[in-house]
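Inspection log for the structure reproduced underneath, given as structure tokens.
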Amino acid sequence: MAVKLRLTRMGSKKRPFYRVVAINSETRRDGRPLEYIGHYNPMVEPSEINIDKEKVEKWIEKGAELSDTVRALLKKVS
């Protein structure tokens, strides 16, 4: 079971809101996650990014891979 840290889409039509989640890589995009890590709201100015770095570090230690988008968001937060 490969775990990935990636985004899951929430919100309504044309008003996206994303949660950063730890999820099995074979699960569909909006499937049940193992843990919620944070959220990302691109619809406000400036974009709202809230990610728990301790949880991210814990999952990386367990062997989780980051998606490209989550990696970019972490760079913006740092």
Side-chain angles (χ1 to χ4, degrees):
M1 178 172 99
V3 175
K4 285 194 147 205
L5 298 182
R6 64 184 191 197
L7 299 178
T8 184
R9 191 178 195 276
M10 308 290 288
S12 60
K13 183 175 169 181
K14 299 194 180 189
R15 300 282 303 162
F17 175 82
Y18 300 93
R19 286 186 179 163
V20 181
V21 296
I23 195 166
N24 182 357
S25 63
E26 297 173 355
T27 305
R28 59 197 168 117
R29 181 191 70 185
D30 295 333
R32 184 184 309 190
L34 301 171
E35 184 175 19
Y36 294 106
I37 309 291
H39 66 269
Y40 166 57
N41 186 358
M43 299 305 293
V44 295
E45 192 60 44
S47 297
E48 181 182 345
I49 304 169
N50 183 6
I51 299 176
D52 188 346
K53 292 182 183 180
E54 293 176 6
K55 289 182 180 179
V56 170
E57 291 172 6
K58 181 186 82 168
W59 280 105
I60 290 174
E61 287 175 8
K62 291 182 179 182
E65 299 175 9
L66 299 173
S67 70
D68 294 336
T69 308
V70 172
R71 187 174 289 115
L73 291 174
L74 284 172
K75 286 181 182 178
K76 286 184 181 180
V77 171
S78 298

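Taking a 6.0 Å sphere around NZ of Lys76, one finds it holds 12 or fewer heavy atoms contributed by other residues, nucleotides or ligands. By the neighbour-count criterion of 12 heavy atoms within 6.0 Å, atom CZ of Arg9 is densely surrounded, having more than that number from other residues, nucleotides or ligands.
Leu74 has its side chain within reach of Val56: a pair of non-hydrogen atoms, C-beta onward, lies under 4.5 Å apart. Two residues are said to be in side-chain contact when any heavy atoms from C-beta on lie closer than 4.5 Å; Ile60 and Leu66 meet this criterion. Residues Trp59 and Leu34 form a side-chain contact, since some pair of their non-hydrogen atoms from C-beta on lies under 4.5 Å apart. By the 4.5 Å heavy-atom criterion applied to side chains, Val3 and Ile23 are not counted as neighbours.
A donor-acceptor contact shorter than 3.5 Å links the side chain of Ser67 to the backbone of Val70.
A distance of 12.0 Å separates CG in Leu7 from CZ in Arg19, rounded to the nearest 0.5 Å. In this structure, CG on Asn41 lies 12.0 Å from CE on Met10, to the nearest 0.5 angstrom. Here the NZ atom belonging to Lys58 is positioned 7.0 Å from the CD1 atom belonging to Ile37, to the nearest 0.5 angstrom. The distance from atom CZ of Arg28 to atom OG1 of Thr8, rounded to the nearest 0.5 Å, is 9.0 Å. Atom CD of Glu48 and atom OH of Tyr40 lie 11.0 Å apart (nearest 0.5 Å).
The two residues Pro42 and Pro16 make their nearest non-hydrogen contact at CD-O, 3.9 Å.
There is a path of hydrophobic side-chain contacts, each under 4.5 Å, that joins Leu5 to Val77.
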